[in-house]
Amino acid sequence: MSQPVSPENPRINLKRTSDYRDSYANSVQVRLSVWDFLLVFGTLDHQAPDEVNIENFQGIYLSPQQAKALHNVLGVNLAHYEKTFGPIALEPSQVTGPRFIVPPNGPVH
């Protein structure tokens, strides 16, 4: 059953650009300014106790409004995931509070 198309409920057409790609990230750095948020995605390699290597491969700028919308949609989807598959366990350092790694240029610009 499809819903009727109207200004309140428009038809959405999803298309991929020629440079679209899917990637895996286990590291996300958040940098912010008064105008926008920058999400920098990468892969983290932690082979030695005193060294972490992160290879960043994509930066995405979001307006504060779009960042808040992303926060909301992630919250809803995480709740659905945990309802379906059970609680998501975090590492002990993540349970007591987030671990911040400050990039050399600083997190705020």
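Just so we're clear, the structure is a prediction, and the values are computed from it rather than from any experiment. Index from 1, following the sequence.
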Flag, side chain of [X] to backbone of [Y], donor-acceptor distance under 3.5 Å:
X	Y	value
N26	L44	yes
E82	I88	yes
H46	A48	yes

Single-linkage hydrophobic cluster [X]~[Y], side-chain heavy atoms < 4.5 angstrom:
X	Y	result
F85	L90	no
V30	V73	yes
V76	Y81	no

Would you say the side-chain atoms of D36 and Q66 include a donor-acceptor pair closer than 3.5 Å?
->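 On atom types as modelled, these side chains do not qualify, holding no pair under 3.5 Å.
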Report yes if the side chains of [X] and [Y] come closer than 4.5 Å at any heavy-atom pair, otherwise no.
X	Y	result
L39	L62	yes
V40	R31	yes
N56	F41	no
L14	I12	yes

How close do [X] and [Y] get, heavy atom to heavy atom, and via which atoms?
X	Y	value
S23	F57	CB-CE1, 3.4 Å
S27	I54	OG-CG2, 3.7 Å
F37	P64	CE1-CA, 3.8 Å

Could you tell me the separation between the CG atom of N77 and the CG atom of N72, rounded to the nearest 0.5 Å?
->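 Reported value, rounded in 0.5 Å steps: 11.0 Å.
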So how far is it from L78 CG to H80 NE2, rounded to the nearest 0.5 Å?
->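 Rounded to the nearest 0.5 Å, the CG-NE2 separation comes out at 10.5 Å.
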Can D22 and Y20 be said to form a side chain to side chain donor-acceptor pair (under 3.5 Å), step by step?
-> CA-CA 7 Å; D22 286 325; Y20 174 86; 2.5 Å; yes
